[in-house]
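To start, the structure itself, in structure tokens.
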Amino acid sequence: MNTRIFVTEDDDNIRELIKIALEGYGYRVSAFESAEEALEAMEQTEPDLAIFDIMLPGMEGTEAVKKIRSEYKNPDLPIIMLTAKDSELDKIIGLDMGADDYVTKPFSVLELMARIRSLLRRADSSRKVDSGIVTMGGITINSNTGEVFADGEHITLTLKEFELLKYLIENSHRVVSRNELLNKIWGYEYTGETRTVDIHIRTLRQKLGKYCEYIKTVRGMGYRATTD
């Protein structure tokens, strides 16, 4: 396996645990103690996925993710955030900065591996040509380039936000449950809280601006994309 993963975690024990676990699954791993070290290394070697702890010495993980999304040569790099704080605010901040997923400490190695495989699979699939252009009202999704436009203006979305919007619009004829979105977008059977979907939907709506109303919440059922 040639897949390279960057792991940035200041706790020596956790960093080594993740590194050993990933290498055990055949991934090539580069581990860093600080975000500055990881970003510098990215200038020389491009990873296929990056994992950042939120709380790091110096530059925080959220700021590193923001820099990657705005300045890095591959702004669509799949990113998972680690946080010791099981609070909605931390998750929202991380996702708003551009993270694709998050894992709350303490976490199981199996859960982390499932999320990594899912994100890598989705990232690979997003690079392949599919049905092309999908539209709804003033929103246009170009599946071939991974771009989204609102009234012709480009909107920068994370990989998960892009997939959520595309899936909802492609299934606009019906209500899509949170569990279905977790399985289709995250790609694994999720046994924890479904707030993961709600948080991503919230940040997606913020980025859609006036078109946020296209994503309707259907109480007790899930979400539906509609112009009605």
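- Under a 4.0 Å N-O distance rule, the pair Asp48/Arg28 does not qualify as a salt bridge.
- Between atom OG1 of residue Thr145 and atom CD1 of residue Ile133 there is a gap of 6.5 Å, rounded to the nearest 0.5 Å.
- Of all heavy-atom pairs spanning Leu159 and Asp100, the tightest one is N-OD1, 3.0 Å.
- The two residues Arg15 and Phe32 have their closest heavy-atom pair at CD-O, 3.3 Å.
- Remark: the backbone N or O of Leu56 is not paired with any side-chain donor or acceptor of Asp53 at under 3.5 angstrom.
- Side-chain contact between Ile139 and Leu165 is present, with heavy atoms from C-beta onward closer than 4.5 Å.
- To the nearest 0.5 Å, the span separating NE2 on His154 from CG on Leu157 amounts to 7.5 Å.
- Remark: side-chain polar atoms of Arg224 are not paired, donor with acceptor, to backbone N or O of Lys216 under 3.5 angstrom.
- Contact between Lys207 and Glu161 at its shortest, heavy atoms only, is NZ-OE1, 2.8 Å.
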Inset, instruction - Apply side chain to side chain donor-acceptor pair (under 3.5 Å) to the pair Tyr223 and Asp198, showing each step before the final yes or no. - result: CA-CA 10 Å; Tyr223 296 98; Asp198 298 335; 2.6 Å; yes
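- With rounding to the nearest 0.5 Å, the separation of CG in Asp11 from CD in Glu16 is 11.0 Å.
- Here the CD1-CD1 distance, from Ile116 to Ile18, works out to 8.0 Å after rounding to the nearest 0.5 Å.
- Within the structure, no pair that satisfies the salt bridge (charged side-chain N to carboxylate O under 4.0 Å, His left out) test touches residues 33-43, not counting sequence neighbours.
- Electrostatic pairing of Lys19 and Glu9 does not count as a salt bridge here, judged by no charged N lying under 4.0 Å from a carboxylate O.
- Of all heavy-atom pairs between Phe6 and Ala38, the closest is CE2-O, 3.9 Å.
- Between Lys66 and Glu60, no side-chain nitrogen of the basic residue sits less than 4.0 Å from a carboxylate oxygen of the acidic one, so the salt-bridge criterion is not met.
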